[in-house]
Structure formats: structure tokens, C-alpha cells
Amino acid sequence: MAAPAVERRTVDVDGVPLSYLTAGDESAPPLILLHGTFWSRVWQPVLPALAAQSRCYALDFPGFGRSGGELDVEQATVPALAQTVLQAADALGIAQFDVAAHDIGGGVAQQLAATSGRIRKMVLMNAVMFDSWPVPAVERFRDPEVRRNTTEEDLLAARRKSTQACALRTFTEDELEDYLSPWQSPARARSWMAMAAAADARFTLDLVPALKEAAIPTRLVWGRDDDFQKIEFARRYVKEVPNADLVEVDGRHIPTEDSPDAVADAMLDHLANGR
């Protein structure tokens, strides 16, 4: 049987066209997939597999990926991005949904799980949590002077280096160019720096009591060799937050690139359980 086709579409949120990759039967349970300092490209390797049992929506935040708009620091906080996700879900006609999230998107997912009442199940992939973030390369952008003095070329060079460091395997030049393709304008660079500037561990630390109380069924899927979001934080999460478990896979910060089959299998198993 052929793998489900992956399409790119847009949804309007407050006049801003938000891009998303979608696949799967429209009658299947919805799964919204979120990114952090990358974009929906991180989910591309596993979308055809996930679409076998979910209707997938891999969303690009404003100013990221193929979406329009531009984030400022206030709009790029975890609580503000969570509201953007809920607005996108409303525009798509989605009430309750599963959520899977990577990197800072994981902080957004935890915000949704703790406060929205709309999350059925959650997957966190090499995500920020507790006080695991911001990492130094991101934290430096909290300084307005650093943001003002960083050119588009500077950001592209830094993103190229960090992207390759996110996988065990060596990306081809075409793959690297694909990952870097959104940051080809000053406005896109400003959106990335706004997300970096808004990175603040209090957003996840403050959620811990509500996450414990909500006890949303959660699976952490983790590239065990991640130098950015250490696996020790994932192990801590499953000890402290009820109804959570951990699947370790080969890989670094973007394990969908190193172990797509293992990531997809772990997610499918979790999301199917109890349906």
C-alpha cells in the first residue's frame, strides 16, 4: 500500500496565513505537531507513517517555515504560542486533539496540556522542560544588542552549524539547504531571534504542578545523544509527572532524521493505546 500523501496547506489566523503539512484520513483522530527553533521540516520524515492512524497537522508558527507573519518577543513566548495553536485548531475545526512537539514546541505542548483542557495525549520529542533551557546559543539572543547586531548571514551560518549538530548522520547539502530555506530574509531572522529572546525556563517550571495534576498520557521519545536537551531531563520528567513514559532512540536533537522508524513506532504505539 502506498504511503499517505503529505500536502502543504495554509490556515488563516488573525489575517496571518499559517502553513502546515498534513496527511492522513480526515476522519482519523487529529494530531497537531509543533516545532521549536526549527520548523515543521523536523516532522517530515515520520508524517507518512503517523498518517496511517492520525490526521496530522504539522504547523509552522508565524514567521517560521512557510508561514506568513513575523513574531516579536511578546508573541514568541510559550503561552502566546499556545494561544496561536488553539486559534489554528479552531480555524481548522479541531476541538480535542493529540499533540506532539519538539524543542521549544514541547514547552508549548506542556502549556496546552496543563491549561487548555483540549489535549488527549501528548508526545514530547527532545523537548524543553523544567529548567533545561534556554541553551547558551539561544540565551545570548535575550540581549537586544546581540539581536540588533546579528545579520541574516550570521544567523544562517549559525543555523547551518547547529542543524548538522542535531543529527548523528551527515546531512546532504540539499537537506541542509532545505532546513535553512526559511531564514532567507531579515523578517524571518527576526522571528527566530524573537523566539530565542522569549526563551525562559519559568514557562515550563511554572507548569509542573498543573502537569502533575492533569496527568495527560504522555510519551517522551528521545534521541539519547542530544547535546542540547539532555536525556536526563526526560528521565526526570517520567519520574515526576504521572502517566508518562520514555522511549530512547538512536539520535541527537532531531531523532526523526536518525531513527525515523523507531520514532514513528513509539509515537504510533502511544497514540493508538486506548483508542
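Asp245 has a carboxylate O that lies under 4.0 Å from a charged side-chain N of Arg219, or vice versa, which qualifies the two as a salt bridge. Using a 4.0 Å cut-off between a side-chain N of Lys or Arg and a carboxylate O of Asp or Glu, Glu177 and Arg160 qualify as a salt bridge. With respect to the salt-bridge test (charged N to carboxylate O, under 4.0 angstrom), the residues Arg55 and Asp25 do not qualify. One finds no salt bridge joining Arg224 and Asp258 here, because no Lys/Arg side-chain nitrogen approaches an Asp/Glu carboxylate oxygen to under 4.0 Å. A salt bridge is defined here as a Lys NZ or Arg NE, NH1 or NH2 lying under 4.0 Å from an Asp or Glu carboxylate O, and Arg9 with Glu7 meets this definition. Checked for salt-bridge contact, Arg159 and Glu152 miss the test: no charged N lies under 4.0 Å from a carboxylate O.
For the pair Gln164 and Thr170, the minimum side-chain heavy-atom distance is below 4.5 Å. Residues Asp60 and Arg8 are in side-chain contact: their nearest non-hydrogen atoms beyond the backbone lie under 4.5 Å apart. In this structure, the side chains of Pro45 and Glu257 come closer than 4.5 Å at one or more pairs of heavy atoms. Counting heavy atoms from C-beta outward, Pro182 and Phe64 have side chains that stay 4.5 Å or more apart. In this structure, Leu50 and Leu33 have side chains that are in contact, with non-hydrogen atoms separated by less than 4.5 Å. By the 4.5 Å heavy-atom criterion applied to side chains, Leu246 and Arg235 are counted as neighbours. At least one side-chain heavy atom of Glu175 sits under 4.5 Å from a side-chain heavy atom of Arg169.
In this structure, Ser54 contributes its side chain and Pro30 its backbone to no donor-acceptor pair below 3.5 Å. Side chain of Asp200 to backbone of Phe203: no donor-acceptor contact under 3.5 angstrom is found. Listed for the Asp154 side chain is no donor-acceptor partner under 3.5 Å among the backbone atoms of Thr150. The main-chain N or O of Thr37 is found under 3.5 Å from a side-chain atom of Asp103 such that the two form a donor-acceptor pair.
One side chain, Arg66 or Ser181, offers a donor N or O that lies under 3.5 Å from an acceptor on the other. Using modelled atom types, one finds no donor on one side chain facing an acceptor on the other under 3.5 Å when comparing Gln110 with Thr204. No side-chain donor from either of Thr172 and Asp174 sits under 3.5 Å from a side-chain acceptor of the other.
For the atom pair Asn126 CG and Ile231 CD1, the distance stands at 8.0 Å (nearest 0.5 Å). A distance of 14.5 Å separates CZ of Phe61 from CH2 of Trp39, quoted to the nearest 0.5 Å. Here the OG atom belonging to Ser116 is positioned 7.5 Å from the CD atom belonging to Gln96, to the nearest 0.5 angstrom. For the atom pair CZ of Arg120 and CG of Leu31, the computed distance is 9.5 Å after rounding to the nearest 0.5 Å. Atom CD1 of residue Ile32 and atom CZ of residue Arg118 lie 8.0 Å apart, to the nearest 0.5 angstrom. Annotation: the span from Thr10 atom OG1 to Leu59 atom CG amounts to 11.0 Å, rounded to 0.5 Å.
Relative ring orientation between Phe38 and His102 is described as tilted, the plane-to-plane angle lying within the 30° to 60° band. Between Tyr20 and Tyr57, the two ring planes are tilted [angle within 30° to 60°]. Ring geometry for His253 versus Phe228: interplanar angle over 60°, hence perpendicular rather than tilted (30 to 60°).
The nearest pair of heavy atoms linking Leu34 to Ala109 is CD1-N, 4.2 Å. The two residues Ser40 and Ala58 make their nearest non-hydrogen contact at CB-O, 3.6 Å. Shown here for Ala199 and Ile104, the closest heavy-atom pair between the two residues is CB-CD1, 4.4 Å. The two residues Ile216 and Ile119 come nearest to each other via the heavy atoms CD1-O, 3.6 Å. Annotation for Leu71 and Pro62: closest pair CG-O, 3.2 Å, computed over non-hydrogen atoms. Between Phe171 and Thr163, the closest heavy-atom pair is CE1-O, 3.3 Å.
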Carefully, step by step, assess Leu18 and Gln87 under the rule side-chain contact (heavy atoms from CB on, under 4.5 Å).
CA-CA 11 Å; Leu18 297 188; Gln87 289 177 286; over 6 Å; no
Quick one, Val138 with Trp133, criterion side-chain contact (heavy atoms from CB on, under 4.5 Å). Give me CA distance, side-chain angles, the key distance, then yes/no.
CA-CA 9 Å; Val138 170; Trp133 66 304; over 6 Å; no
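The aromatic ring centroids of Phe233 and Phe130 lie 6.0 Å or more from each other.
Neither Trp192 nor Val73 shares a network with the other; the hydrophobic side chains, linked directly or stepwise wherever heavy atoms of I, L, V, M, F, W or Y lie under 4.5 Å apart, form separate groups for each. The hydrophobic cluster containing Val46 does not contain Leu168, counting ILVMFWY residues as joined when their side-chain heavy atoms lie under 4.5 angstrom apart, directly or transitively.
Heavy-atom neighbours of Glu213 CD from other residues, nucleotides or ligands within 6.0 Å: at or below the threshold of 12. Within a 6.0 Å sphere centred on CD of Gln184, other residues, nucleotides and ligands contribute more than 12 heavy atoms.
The only option from Gln75, Met195, Gln111 that meets the side chain to side chain contact (heavy atoms under 4.5 Å, CB included) definition with Leu81 turns out to be Met195.
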